[in-house]
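Take a look at the structure set out below.
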Amino acid sequence: MPIRFRIRWVPLCATLVVAAAGIALGQWQTRRAEEKLAIQHRIEARAKEAPLQALPPEGEADVAEFRHVLLEGEFIPQWTIYLENRPHEGAVGFHVLTAFKIAGSQRAVMVARGWAPRDATDRARVPQPPLAQGAMRIDGVLRRDAGHVLQLGQADAPRPGAILQNLDVAALAAASGLPLSAYVVEQRMPSPGVDDGLARDWPAPSLGIDRHRAYALQWYALAAMAIVFFLVTGFRRGCNDKS
């Protein structure tokens with residue numbers, strides 16, 4: 001019996017719709033991956049640029065974030081806060097942030113000094129890593145914010161030594177009376193002369209490039225499967241057709 005292939009219009013239309021949707025969505029995910037890859041390249045390029053010697057104007061995070069920055073000034077120890085739910089190498093803990101008054105300026109900025117583990121027996125107890133006093137230079141990376149986690153319940157009011165889930169710079173500025181910058185500086189190394197024991201291997205931003213590529217592959221596979229299924233079932237119908 002000769003093998004025949006019959007085109008049935010309803011399956012054909014369904015196949016075309018599924019294949020077109022799969023290809024379009026696959027291309028969209030591919031473009032998103034390429035956009036994220038370009039962002040990653042910009043981040044890497046900024047990290048290699050000469051360090052900034054001062055904070056950039058507010059609102060320039062798009063061009064200044066991830067730049068290396070060197071700032072002179074002094075910490076304001078009483079305005080240290082702790083951001084919880086920040087795991088590190090499988091352990092629970094805090095990101096320790098302290099206000100830093102910039103020399104020769106009215107501005108201050110929150111400096112993420114590093115990560116410290118949480119007391120397993122007393123969750124209300126916060127670490128007290130040593131903090132350098134007086135004028136100094138800090139070495140850090142400029143970030144647009146301190147990162148965000150899922151907020152559970154109503155946010156607590158900022159206060160010295162507060163345990164918070166997220167940093168609200170405007171609320172902290174109002175509570176402290178400090179003219180805080182919207183930026184956050186991630187400190188790259190301990191302050192001079194201080195061994196504070198804080199971890200500073202800050203996580204790289206998660207851009208999801210591999211995830212977009214995986215989604216694109218899934219959509220392309222769906223389009224290919226739809227076409228293959230239509231062809232296979234069409235040949236079977238041709239073989240079994242008695243007319």
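Residue indices begin at 1 and follow the sequence shown. The basis for the numbers below is simple: all heavy atoms, side chains too, and nothing from hydrogens, waters or symmetry mates. Bear in mind the structure is a predicted one, so any value in this text is a computation, not a measurement.
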Could you walk me through whether Leu131 and Arg113 satisfy the side-chain contact (heavy atoms from CB on, under 4.5 Å) test, starting with their C-alpha distance in whole Å, then the side-chain angles of each, then the deciding distance to 0.1 Å, before giving a yes or no?
CA-CA 9 Å; Leu131 180 63; Arg113 293 161 50 202; 3.6 Å; yes
Cationic N near anionic O, under 4.0 Å, Arg31 to Glu34
no
Is the closest side-chain heavy-atom distance between Leu164 and Asn166 below 4.5 Å?
no
Atom pair CD (Gln29) and NE2 (His212), whose distance is rounded to the nearest 0.5 Å
6.0 Å
More than 12 heavy atoms of other groups within 6.0 Å of Tyr220 OH
yes
Which heavy atom of Pro129 sits nearest to which heavy atom of Val96, and what is that distance?
CG-CG1, 4.4 Å
Any side-chain heavy atom of Val69 within less than 4.5 Å of one from Pro51?
no
Report the C-alpha distance between Asp201 and Glu89 in whole Å, list the side-chain angles of each, state the deciding distance to 0.1 Å, and finish with yes or no for side-chain contact (heavy atoms from CB on, under 4.5 Å).
CA-CA 10 Å; Asp201 48 340; Glu89 296 182 350; 4.0 Å; yes
Kindly give the heavy-atom pair with the smallest separation between Ala216 and Gly26, and that separation in Å.
CB-O, 3.5 Å
Short question: side chain of Arg67, backbone of Glu65 - any donor-acceptor pair under 3.5 Å?
no
Leu231 reachable from Leu12 in the ILVMFWY side-chain graph, under 4.5 Å edges:
yes
Just do the salt bridge (charged side-chain N to carboxylate O under 4.0 Å, His left out) check on Arg143 and Glu186 with the steps written out, would you?
CA-CA 7 Å; Arg143 297 298 305 270; Glu186 290 180 345; 3.3 Å; yes
Atom CH2 of Trp115 with >12 non-hydrogen neighbours under 6.0 angstrom
yes
Specify the closest pair of heavy atoms between Ser191 and Ala132, including all atoms of both residues, with the distance to one decimal.
CB-CB, 3.7 Å
How about Leu70 and Asp139: do any of their side-chain heavy atoms sit closer than 4.5 Å?
yes
Do side-chain atoms of Ser105 reach the backbone of Ile102 as a donor and acceptor pair under 3.5 angstrom?
no
Distance (rounded to the nearest 0.5 Å) between Glu60 CD and Leu55 CG:
11.0 Å
Please check if Leu52 and Val109 belong to a single hydrophobic cluster, counting links between Ile, Leu, Val, Met, Phe, Trp and Tyr side chain heavy atoms closer than 4.5 Å.
yes
Side-chain touch Val18/Leu222, heavy atoms, less than 4.5 angstrom
yes
Interatomic distance, Arg211 atom CZ to Arg213 atom CZ [nearest 0.5 angstrom]
12.5 Å
Output every pair passing ring-ring contact (aromatic ring centres under 6.0 Å, His included) with a member in residues 46-87, not counting sequence neighbours, ordered by first then second residue.
Phe75-Phe100, Tyr82-Phe94
Pairwise side-chain contact, Val185 with Leu142, heavy-atom cut-off 4.5 Å (strictly under)
yes
May I ask you to say whether Arg118 pairs ionically with Asp122, meaning some side-chain N is under 4.0 Å from a carboxylate O?
no
Does Gln106, at its CD atom, have more than 12 non-hydrogen atoms belonging to other residues, nucleotides or ligands within less than 6.0 Å?
no
Co-membership, hydrophobic cluster, residues Trp9 and Ile227, 4.5 Å side-chain
yes
Please check if the distance between the ring centroids of His95 and Trp202 is under 6.0 Å.
yes
Could you walk me through whether Leu16 and Phe230 satisfy the side-chain contact (heavy atoms from CB on, under 4.5 Å) test, starting with their C-alpha distance in whole Å, then the side-chain angles of each, then the deciding distance to 0.1 Å, before giving a yes or no?
CA-CA 10 Å; Leu16 292 176; Phe230 173 75; over 6 Å; no
Taking C-beta and beyond as the side chain, do Leu172 and Leu167 meet within less than 4.5 Å on heavy atoms?
yes
In terms of heavy-atom contacts, Ala157 and Ala162 come closest through O-CB, 4.4 Å
Is Asp145 reaching over with its side chain to a backbone N or O of Val184, donor-acceptor style, under 3.5 angstrom?
no
Is any NZ, NE, NH1 or NH2 atom of the basic residue among Arg144 and Glu58 found under 4.0 Å from an Asp or Glu carboxylate oxygen of the other?
no
Answer yes if Val194 and Met136 sit in the same cluster of Ile, Leu, Val, Met, Phe, Trp and Tyr residues linked by side chain heavy atoms under 4.5 Å apart, and no otherwise.
no
State whether the side chain of Tyr183 and the backbone N or O of Met110 hold a donor-acceptor pair below 3.5 Å, judged by distance alone.
no
Locate the shortest heavy-atom distance separating Ile23 from Ala223; write the atom from each residue and the value.
CG1-CB, 3.9 Å
Is there side-chain contact between Val126 and Ile163, with at least one heavy-atom pair below 4.5 Å?
yes
Rounded to the nearest 0.5 Å, how far apart are OG1 of Thr15 and CZ of Arg8?
13.0 Å
When clusters are formed by joining ILVMFWY residues with side-chain heavy atoms under 4.5 Å apart, either directly or through shared neighbours, do Val111 and Leu97 land in the same one?
no
As a quick check of understanding, evaluate side-chain contact (heavy atoms from CB on, under 4.5 Å) for Val149 and Arg86, giving each step before the final call.
CA-CA 8 Å; Val149 298; Arg86 264 60 176 190; 3.5 Å; yes
Could you check whether any side-chain heavy atom of Val141 comes within less than 4.5 Å of a side-chain heavy atom of Arg188, counting everything from C-beta outward?
yes
Lys/Arg-Asp/Glu bridge criterion (N-O < 4.0 Å) met for Glu72, Arg137
yes
Taking atom CG of Leu178 and atom CZ of Arg107, what is their separation to the nearest 0.5 Å?
13.0 Å
